[in-house]
J.: 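Take this structure, written in structure tokens, and hold onto it; I'll ask about it next.
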Amino acid sequence: MVKSAQITIDGKTFEFPVVEGTEHELAIDIGKLRAQTGVITLDPGFKNTGSTSSAITFLNGEEGILRYRGYSIEDLAEKSTFLEVAYLLIYGELPSKSEFDKFKEDIKYHTLVHEDIKTILTGFPSNAHPMGVLSSLVTSLTAFYPESLDPNRSREGVDLSIARIIAKLPTFAAWSYKNQKGQPVVYPRNELEYVPNFLRMMFALPTEDYEVNPVVARALDQLLILHADHEQNCSTSTVRIVGSSQASLFASISAGINALWGPLHGGANQAVIEMLENIRKDGGDTKKWMDKAKDKNDPFRLMGFGHRVYKNFDPRARILKKAADDVLESLGVVDPVLDIAKGLEEVALSDEYFIERKLYPNVDFYSGIIYRALGIPVDMFTVMFALGRLPGWIAQWKEMRESGEPIGRPRQVYIGHPARDYTPIDKR
Ligand code: ACO
């Protein structure tokens with residue numbers, strides 16, 4: 001059915017097409033709005049603005065649905081692996097066995113990084129936040145692979161950059177942690193699978209043998225799947241907008257890492273565990289902290305709660321709440337903050353303030369508790385999120401390039417001074 005929308009400005013009516021997605025989402029196409037009417041739309045935070053059409057991830061916040069390329073997140077988290085999900089997101093379909101073997105082989109082959117990268121790494125003070133180190137090392141890849149700067153290179157060339165960044169990000173992540181600890185870096189071992197290889201680079205020491213615990217490896221693999229894409233969020237939109245200037249894949253991903261870092265986005269997982277620890281040290285009075293979260297004169301927010309899009313439940317949080325119980329039990333870990341988290345959730349779900357505003361636990365509420373049980377230090381939590389989100393960023397960058405999207409350049413409503421004359425400094 002052809003649909004259209006009318007906009008009336010000062011008594012004059014203009015008609016615009018309405019586009020419909022495969023899940024029947026409707027959007028008014030205002031591409032010609034300014035040309036026809038002379039006005040623009042104003043939407044701070046892009047709360048109502050679709051920046052693109054995308055075939056990668058479907059999300060319905062009212063019903064708590066998340067699908068990658070049509071497959072439900074629940075199915076993928078239970079039955080798939082992170083690298084298979086990465087292939088699915090980037091190339092659009094689940095791989096055949098031979099396609100998947102080649103993809104994994106390409107990634108294994110590129111896990112090693114140039115020795116000079118170690119010089120860059122050791123130049124960082126040991127207290128550097130690993131997210132800053134990670135984004136810098138990703139940017140440094142543009143210097144080691146200058147041919148990657150051309151975004152219009154062949155398909156094989158783009159695939160090579162994709163394999164390189166997927167292969168090297170775990171090495172960078174683990175090395176940024178080693179640098180912080182003052183320990184020697186551990187080189188990748190290509191006989192290991194993706195996640196076990198990462199865990200070994202993180203935790204192995206030259207003084208003792210290191211065996212990867214399969215429970216830890218599976219739990220981390222599942223966490224990475226749950227974070228792999230989330231359509232046009234802050235970091236993904238950043239990747240697309242940076243890439244739209246024809247900046248390279250590595251430069252665009254580095255920008256995405258920085259966008260993810262903030263506590264209102266990927267940095268929330270670190271903020272949640274710090275908040276839970278503070279509540280524990282303060283005596284565990286959840287009501288007191290709930291009251292702080294509701295007090296408009298108090299800047300405190302319940303971290304890990306609320307979401308721009310999910311207004312019913314976050315399906316990833318549901319999976320993780322159960323995973324937190326399972327993982328802690330299999331590893332024999334007792335973490336008092338898990339009970340505090342569950343207590344907070346229970347109070348929040350029956351509190352008018354949270355019900356009215358449709359605030360529910362998001363993916364970050366339970367993920368930190370699992371990371372901690374796996375032995376991942378708190379300031380590496382957001383790095384874990386970046387490892388997981390990488391395939392999504394790549395897929396979105398690739399889709400944006402292949403569909404020939406124009407450079408991203410929003411407009412504004414200017415509210416500053418009207419034109420005025422310059423006054424020399426001695427006359428002011
Ligand atoms: N605690 C207390 N109140 C909250 C919270 C919270 N965590 N989140 C939202 N609210 C309140 C706001 O104060 C506002 O109240 P008001 O209408 O009385 O002014 C209302 O709920 C709507 O909140 P907004 O900030 O307008 O919602 P927005 O969509 O802009 O923000 C966000 C979403 C950033 C996720 C927000 O809920 C938040 O700050 N949560 C905590 C941080 C967090 O967990 N971030 C991770 C998000 S998931 C991710 O990025 C992977």
Side-chain angles (χ1 to χ4, degrees), residues 1-67 229-247 252 255-256 258-260 262-266 296 301 306-312 314 356-359 362 389 392-393 395-419:
M1 193 178 36
V2 182
K3 296 192 172 86
S4 66
Q6 279 92 37
I7 297 177
T8 303
I9 302 169
D10 284 343
K12 201 166 166 212
T13 300
F14 304 86
E15 190 153 308
F16 297 92
V18 170
V19 291
E20 183 168 355
T22 45
E23 294 287 345
H24 312 297
E25 294 164 295
L26 299 176
I28 304 168
D29 177 354
I30 50 119
K32 297 207 166 66
L33 178 70
R34 188 170 177 277
Q36 288 183 10
T37 67
V39 306
I40 60 165
T41 55
L42 182 63
D43 184 18
F46 310 121
K47 294 193 179 197
N48 306 284
T49 298
S51 58
T52 189
S53 305
S54 176
I56 301 171
T57 288
F58 173 69
L59 199 168
N60 179 324
E62 280 68 38
E63 292 176 32
I65 296 172
L66 174 61
R67 296 188 203 123
D229 194 47
H230 213 233
E231 52 118 299
Q232 309 312 316
N233 53 80
C234 173
S235 58
T236 302
S237 303
T238 300
V239 169
R240 286 184 85 121
I241 210 161
V242 172
S244 77
S245 75
Q246 303 207 355
S252 307
N258 285 319
L260 186 73
L264 296 191
H265 190 14
K296 290 289 167 207
R301 273 194 168 200
H307 197 277
R308 173 60 62 77
V309 184
Y310 292 121
K311 299 297 176 196
N312 184 344
D314 179 339
E356 234 173 57
R357 291 168 180 76
K358 298 185 188 323
L359 302 171
N362 59 51
R389 186 52 56 86
W393 289 332
Q396 301 270 352
W397 181 91
K398 187 167 173 283
E399 181 182 70
M400 182 271 308
R401 293 284 317 135
E402 287 170 357
S403 57
E405 272 179 26
I407 186 167
R409 204 297 187 190
R411 288 194 174 257
Q412 64 164 21
V413 173
Y414 175 69
I415 55 166
H417 282 283

J.: I'd like to know whether E231 forms a side chain to side chain donor-acceptor pair (under 3.5 Å) with S54, so could you lay out the CA-CA distance, the side-chain angles of the two residues, the decisive distance to 0.1 Å, and finally the verdict.
T.: CA-CA 8 Å; E231 52 118 299; S54 176; over 6 Å; no
J.: D29 side chain to V19 main-chain N or O, any donor-acceptor pair under 3.5 Å?
T.: no
J.: Work out which heavy atom in V242 is nearest to a heavy atom in S245; give both atom names and the distance.
T.: O-OG, 2.8 Å
J.: Do F16 and Q36 make a side-chain contact, defined as non-hydrogen atoms from C-beta onward lying under 4.5 Å apart?
T.: yes
J.: Rounded to the nearest 0.5 Å, what separation is found between the CE atom of M400 and the OG atom of S237?
T.: 11.5 Å
J.: Taking the side chain from Q396 and the backbone from R240, do they hold a donor-acceptor pair closer than 3.5 Å?
T.: no
J.: Quick one: does T37's side chain get under 4.5 Å of I7's, heavy atoms only?
T.: no
J.: Where is the tightest heavy-atom contact between S235 and H265, given as atom of each residue plus distance?
T.: OG-NE2, 3.0 Å
J.: Can you tell me if CZ on R34 sees more than 12 non-hydrogen neighbours from other groups inside 6.0 Å?
T.: no
J.: Between R389 and G256, is there a donor-acceptor pair closer than 3.5 Å when you use the side chain of the first and the backbone of the second?
T.: no
J.: Where the side chain of S244 meets the backbone of G408, is there a donor-acceptor pair that is under 3.5 Å apart?
T.: yes
J.: Please enumerate all residues that pass ring pair (Phe, Tyr, Trp, His ring centres under 6.0 Å) together with H307, with sequence neighbours excluded.
T.: H230, Y310
J.: If you look at every heavy atom in Q232 and S51, which pair is closest and at what distance?
T.: CG-OG, 4.2 Å
J.: How about E15 and S4: does a side-chain donor come under 3.5 Å of a side-chain acceptor?
T.: yes
J.: Are W393 and S252 close enough that a side-chain donor and a side-chain acceptor fall under 3.5 Å?
T.: no
J.: Distance check, rounded to the nearest 0.5 Å: L359 atom CG versus N362 atom CG?
T.: 10.0 Å
J.: Report the distance from atom CD1 of I241 to atom CZ of R409, rounding to the nearest 0.5 Å.
T.: 10.0 Å
J.: For the residue pair D229 and L66, what are the closest heavy atoms and their distance?
T.: O-CD1, 4.5 Å
J.: Which pairs of donor and acceptor atoms, one on a side chain in residues 21-28, lie under 3.5 Å apart (sequence neighbours left out)?
T.:
| residue | atom | partner | partner atom | Å |
| --- | --- | --- | --- | --- |
| E23 | OE2 | R67 | NH1 | 2.9 |
| H24 | ND1 | E20 | OE2 | 2.8 |

J.: Between T238 (side chain only) and C234 (backbone N and O only), is there a donor and an acceptor less than 3.5 Å apart?
T.: yes
